[in-house]
Amino acid sequence: MVYGEFFHRTKNDEELVKLNVGGFKQSVDQKTLLRFPHTRLGKLLNCRSEEAILELCDDYNVADKEYYFDRNPSLFRYILNFYYTGKLHVMEELCVYSFCQEIEYWGINELFIDSCCSNKYQEKKEIIAEKDWDEKSDVISLGSSSDQSSVFERELEMFDTLKFGNIRRKIWIRLENPAYSLSAKIFAISSLSVVLTSIVAMCIHSMPEFNRLDANDREVEDPGLAVVEIVCIIWFTTELVVRLAVAPSQKKFWKNPMNIIDFVSIIPFYATLVVDVNDEENEGIENMGKVVQILRLMRIFRILKLARHSVGLRSLGATLKHSYHEVGLLLLFLAVGISIFSVLVYYVEKDEEQSGLNSIPMCWWWATISMTTVGYGDTHPVTLLGKLVGTVCILCGILVVALPITIIFNKFSKYYQKQKAIEVDGCNDDEPKDKFNDLPYFNIRDIYARRMNSFISSLSSVGIIASANDSTDASSIQEIEDDLPLTLK
C-alpha cells in the first residue's frame with residue numbers, strides 16, 4: 001500500500017477509524033471525530049505525512065489503519081463518549097487531577113464538562129489545589145530544617161581532616177548545641193545571662209540618676225556600669241574568638257548571620273575607645289560627642305544575640321525569610337489603603353484646624369495608625385464625614401492585616417516545631433554515639449573458634465587425636481565439643 005493512498009482521504013469518506021488506546025480497541029466513524037477538528041483525534045485525520053501522524057499518536061499500523069495511544073483505557077471511554085454526545089461527564093470515583101491531564105492530552109477544553117458535573121469538578125480541583133499548597137509549604141519548611149541538620153553534620157565531618165580535629169569538634173558541638181551535654185547547657189545559660197546583663201546595663205545607663213558629666217560637661221559612663229560593660233565585652237570577645245578558632249571553615253563562619261551579629265555587637269565598644277582616644281588627643285574636633293552617642297546606640301544589636309539561645313527568635317527569622325511574598329503582600333495592601341484614605345480624609349478635614357489633618361503627609365500618619373488599629377489619638381477627624389472615612393479605614397485595616405497574618409502564623413508554628421525537633425534529635429543522636437564508641441568490641445564466634453583450634457591442637461600433640469594423614473574425624477570432633485565445658489560454648 002502506498003502512503004498517499006492512505007493519507008489523502010476526504011471528509012465524506014465513510015471509512016471507520018480504528019483506535020487502540022492501551023489495549024482498548026474501538027472503531028469510530030470519521031464524521032464523529034471531525035465534529036471537533038481542534039482536538040487530537042480531529043487533527044489526526046487531517047495529517048498528510050507519516051511524521052505528522054507520529055507527532056499526535058504513539059504508533060500506527062498502515063496496513064490495518066490502526067492508531068495506537070499509550071493512555072489510560074478506562075478514562076478514554078469518557079473521551080469517546082464526548083465525541084458522541086459533545087459533553088464531558090465526570091464520575092465520582094475518578095481522580096480529578098488525572099482526568100484533567102487526560103482531557104488536556106486529547107485537546108478537550110474543560111468548558112465542555114456538562115453542568116451536572118461542572119460544579120463538583122471545580123470543587124474537587126480547588127480542594128486539590130489547597131492540599132498541594134499546604135504540602136508545598138510543608139516541604140519548604142522541612143527542607144529548610146533538614147538543610148540545617150545536614151549542614152551541621154557536614155561541618156562535623158570536616159573536623160576529621162583538621163589539626164586537633166577531635167578537640168575542636170568537642171568544643172564546637174558544645175558551643176553550637178546547648179542540648180548536647182551538661183557543660184553545653186551551662187555555657188548557654190551563662191552566655192544568655194551575660195547578654196541579658198548587658199541589655200539591662202544599657203537600659204540603666206539611660207536613666208538620669210546614672211548620668212555623669214566630666215569637667216568639660218561631657219557625658220561619661222557611671223563607673224559601676226563601665227565595669228559591667230567591660231566584663232560583658234570580654235565575654236563576648238572571648239566567645240567570638242573561640243568560635244572562630246574552632247570553626248571547621250573560616251569562610252562559612254563569616255557567612256553565618258549569628259556570627260555576624262556577634263561581631264557587630266562588640267564593634268561599638270572598641271570604636272568608642274578609639275574615638276575617646278582621638279578626642280583626648282584632638283580636643284578641637286567638633287561633634288565627637290555625637291559620634292560616641294551613635295556608637296553607644298549601636299549596642300542595641302546585642303539584643304539580637306538572644307536568637308542564638310532562643311528557638312522562637314530563630315523560627316521568627318526563618319518565617320520572615322520564607323514568607324517574603326506574604327509580607328510583601330501585606331505591605332502592599334497597607335500602602336494602597338494608606339494612600340487612598342489619607343487623600344480622602346485630607347479633602348474632608350483640611351479646613352478643620354482642630355483635626356490637625358491639614359496636609360497629606362500628616363494624613364498618611366493618621367491612616368497608618370488607623371489601619372494598623374493603633375490609634376494614638378494625636379490626630380483624628382472631627383467632622384461626620386471624616387469619622388465615616390475613619391470607620392471604613394479601620395475596618396479595611398483589620399481585614400487587610402488579618403488575611404496574610406494567618407498564613408505567616410501557620411508557617412511560624414511549623415518552623416518552631418521543626419526547630420524543636422532538630423534540638424531533640426541533636427540531644428538524642430550525638431551523646432550516645434560517643435559513649436558506645438568507647439565500649440570494647442568482642443566477636444564471640446571468633447573467640448570460640450580460636451579456643452577450639454588450640455584445644456584440638458593440644459589433643460593432637462599428645463596423641464589423643466591423630467591419624468595417618470594428620471586429619472581429624474568429624475565424629476570425634478563432635479564428641480569432643482559435646483564434652484567441652486559450657487563456658488567455652
Side-chain angles (χ1 to χ4, degrees), residues 148 152 155 167-212 220-247 253-254 256-273 293 295-320 412 415-416 418-428 430-431:
Q148 295 178 6
F152 187 74
E155 289 177 347
I167 298 176
R168 294 171 66 177
R169 181 192 289 111
K170 291 181 179 179
I171 299 175
W172 177 259
I173 294 176
R174 283 166 174 79
L175 293 178
E176 295 295 327
N177 187 7
Y180 177 75
S181 62
L182 179 61
S183 59
K185 292 180 181 179
I186 294 175
F187 174 80
I189 294 174
S190 301
S191 180
L192 179 61
S193 301
V194 174
V195 173
L196 294 177
T197 302
S198 176
I199 295 173
V200 171
M202 182 184 62
C203 297
I204 294 176
H205 177 74
S206 63
M207 300 174 61
E209 294 83 357
F210 293 90
N211 292 339
R212 299 290 186 272
V220 294
E221 291 191 10
D222 183 87
L225 296 178
V227 173
V228 174
E229 179 72 10
I230 293 174
V231 172
C232 294
I233 288 297
I234 292 175
W235 176 276
F236 295 150
T237 305
T238 304
E239 180 181 355
L240 179 63
V241 172
V242 172
R243 289 181 184 273
L244 181 60
V246 302
F253 178 85
W254 293 112
N256 190 342
M258 299 306 304
N259 297 326
I260 297 176
I261 292 173
D262 292 343
F263 179 74
V264 173
S265 63
I266 64 176
I267 285 296
F269 178 82
Y270 295 105
T272 303
L273 291 180
Q293 291 179 359
L295 291 175
R296 288 175 178 172
L297 182 62
M298 292 178 61
R299 298 175 184 175
I300 195 66
F301 288 108
R302 296 177 188 174
I303 297 178
L304 299 179
K305 289 175 65 67
L306 295 174
R308 187 182 291 277
H309 310 287
S310 174
V311 177
L313 288 178
R314 292 199 299 271
S315 301
L316 178 60
T319 302
L320 295 178
F412 173 80
Y415 278 113
Y416 183 79
K418 301 297 181 184
Q419 290 287 344
K420 294 294 289 184
I422 289 176
E423 287 195 351
V424 173
D425 292 340
C427 181
N428 294 335
D430 294 333
E431 188 69 22

Enter the distance from [X]:[atom1] to [Y]:[atom2] here, rounded to the nearest 0.5 Å.
X: Asp262; Y: Leu244; atom1: CG; atom2: CG; value: 11.0 Å
X: Ser265; Y: Glu239; atom1: OG; atom2: CD; value: 9.0 Å
X: Ile266; Y: Ile234; atom1: CD1; atom2: CD1; value: 12.0 Å
X: Ser193; Y: Ile189; atom1: OG; atom2: CD1; value: 7.0 Å
X: Ile199; Y: Ile204; atom1: CD1; atom2: CD1; value: 12.0 Å
X: Ile233; Y: Ile267; atom1: CD1; atom2: CD1; value: 9.5 Å

Side chains of [X] and [Y], heavy atoms from C-beta outward: is any pair under 4.5 Å?
X: Phe187; Y: Leu175; answer: yes
X: Tyr270; Y: Thr237; answer: yes
X: Val194; Y: Ser190; answer: no

(request) Measure the acute angle between the ring planes of Phe263 and Trp254, then classify it against the limits of 30° and 60° as parallel, tilted or perpendicular. (result)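 Rings of Phe263 and Trp254: perpendicular, over 60°.
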If you look at every heavy atom in [X] and [Y], which pair is closest and at what distance?
X: Ala247; Y: Phe253; result: CB-CD1, 3.8 Å
X: Arg243; Y: Asn259; result: CD-OD1, 4.3 Å
X: Ser198; Y: Glu229; result: OG-OE1, 4.4 Å
X: Ala184; Y: Arg174; result: CB-O, 3.5 Å

